Structures are given as structure tokens and as C-alpha cells.
Amino acid sequence: MYPYPQSGTEPVLLQIGDMALTSTHVILPHGQYPLHGAQWTVHDSTQVTESISTAGIILTIVFVWFCLLGLLFLLMKETRYLGFVSISVTGPGFHHTAQFPPGPQSSAWAAQAVAQARAITAAAPPYA
């Protein structure tokens with residue numbers, strides 16, 4: 001499904017979604033490009049919302065008639081993550097973006113993956 005280097009070539013050092021990095025190339029779904037000069041960016045558009053859960057509302061309605069402690073069910077919160085985290089690579093003659101679902105640790109994972117990709121890019125030889 002994803003392009004990998006042909007047999008006998010260098011191994012994949014890092015895989016980020018549908019992007020793969022070797023020591024000299026970045027492999028994208030639409031081709032293989034030199035890694036030298038590539039720029040990596042991460043964009044986090046995650047939105048976190050917190051609201052009273054549906055179960056909490058139903059339990060409050062049911063138990064409020066039995067005792068006032070049923071109102072404590074209104075404290076049940078539900079956290080939702082909306083948006084996405086995207087990682088982009090741009091270089092001479094190519095641009096590609098991969099999007100990932102939001103979550104409590106997606107932003108930290110994406111930042112760490114981009115830091116690794118930047119380190120591999122910095123170590124890439126100028127002409128390969």
C-alpha cells in the first residue's frame with residue numbers, strides 16, 4: 001500500500017502515516033524525493049470540549065425523585081476531542097500532509113515524530 005524502498009536499498013528509519021524516511025530520501029505515496037532540504041511542520045487544531053454526559057442527565061432525572069443526591073450525577077463529565085493533528089513535509093518539488101485523529105496525547109506524539117524527522121533530515125547528505 002505504501003511505497004517502500006526497493007530491495008537492496010536503505011532501510012526505513014521512520015514512518016509517519018504514509019510518509020517514510022530513509023537516511024537520504026523521503027518516500028511519499030506519489031514518489032521518492034531527496035531528504036536534504038526538506039522542512040517538517042506540525043499543526044495541531046485539536047479542540048477539547050467538556051460537557052455533562054447523557055448518562056448523567058438520565059440518572060439525575062431518575063434519581064432526583066428518590067433523593068437529592070441524584071443531582072450529583074450532573075457532575076459526570078464527558079470529554080470530546082475534535083479536529084486533527086497534521087504533519088507536513090515540504091521540499092524541492094514536493095509537498096505532502098498527513099492528518100491524524102485528535103486525542104489527549106496526539107500533539108505530543110506528533111511533535112516527537114517531527115523532531116525525529118528533523119534530526120534525520122539534518123543528518124542527510126546534501127546530494128543522494
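Model, not experiment: these values are computed from the prediction.
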Extract all donor-acceptor atom pairs below 3.5 Å that involve side chains of residues 94-110 and protein atoms in other chains or at least two apart in sequence.
residue: H95; atom: ND1; partner: T90; partner atom: OG1; Å: 2.7
residue: H95; atom: NE2; partner: T97; partner atom: OG1; Å: 3.3
residue: H96; atom: NE2; partner: D18; partner atom: OD1; Å: 2.9
residue: H96; atom: NE2; partner: D18; partner atom: OD2; Å: 3.2
residue: T97; atom: OG1; partner: S88; partner atom: OG; Å: 2.9
residue: S106; atom: OG; partner: P101; partner atom: O; Å: 3.0
residue: S106; atom: OG; partner: G103; partner atom: N; Å: 3.2
residue: S107; atom: OG; partner: D44; partner atom: OD2; Å: 3.1

Ring centers of Y33, H36 separated by less than 6.0 Å: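 No; H36 has its ring centre 6.0 Å or more from that of Y33.
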Pairwise side-chain contact, I52 with I57, heavy-atom cut-off 4.5 Å (strictly under): yes
Any side-chain heavy-atom pair of T41 and V89 under 4.5 Å: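 No, side chains not in contact.
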Step-by-step side chain to side chain contact (heavy atoms under 4.5 Å, CB included) determination, V114 to V42: CA-CA 7 Å; V114 167; V42 62; 3.9 Å; yes
Qualifying ring-ring contact (aromatic ring centres under 6.0 Å, His included) pairs, either residue in residues 40-61, two or more places apart: none
What side-chain donor-acceptor pairs closer than 3.5 Å can you find for residues 71-87, not counting sequence neighbours?
residue: E78; atom: OE1; partner: R80; partner atom: NH2; Å: 3.0

Selection residues 51-61 - residue pairs positive for side-chain hydrogen bond (donor to acceptor under 3.5 Å, both in side chains), sequence neighbours left out: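 Matches after skipping sequence neighbours: none remain.
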Quick check: closest heavy atoms across [X] and [Y], and the distance to 0.1 Å?
{"X": "T22", "Y": "L13", "value": "C-CD1, 3.9 Å"}
{"X": "A117", "Y": "I16", "value": "CB-CD1, 4.2 Å"}
{"X": "L35", "Y": "S23", "value": "CD2-O, 4.1 Å"}

N/O donor-acceptor pair under 3.5 Å between E10 side chain and V12 backbone: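 Side chain of E10 to backbone of V12: no pair is present.
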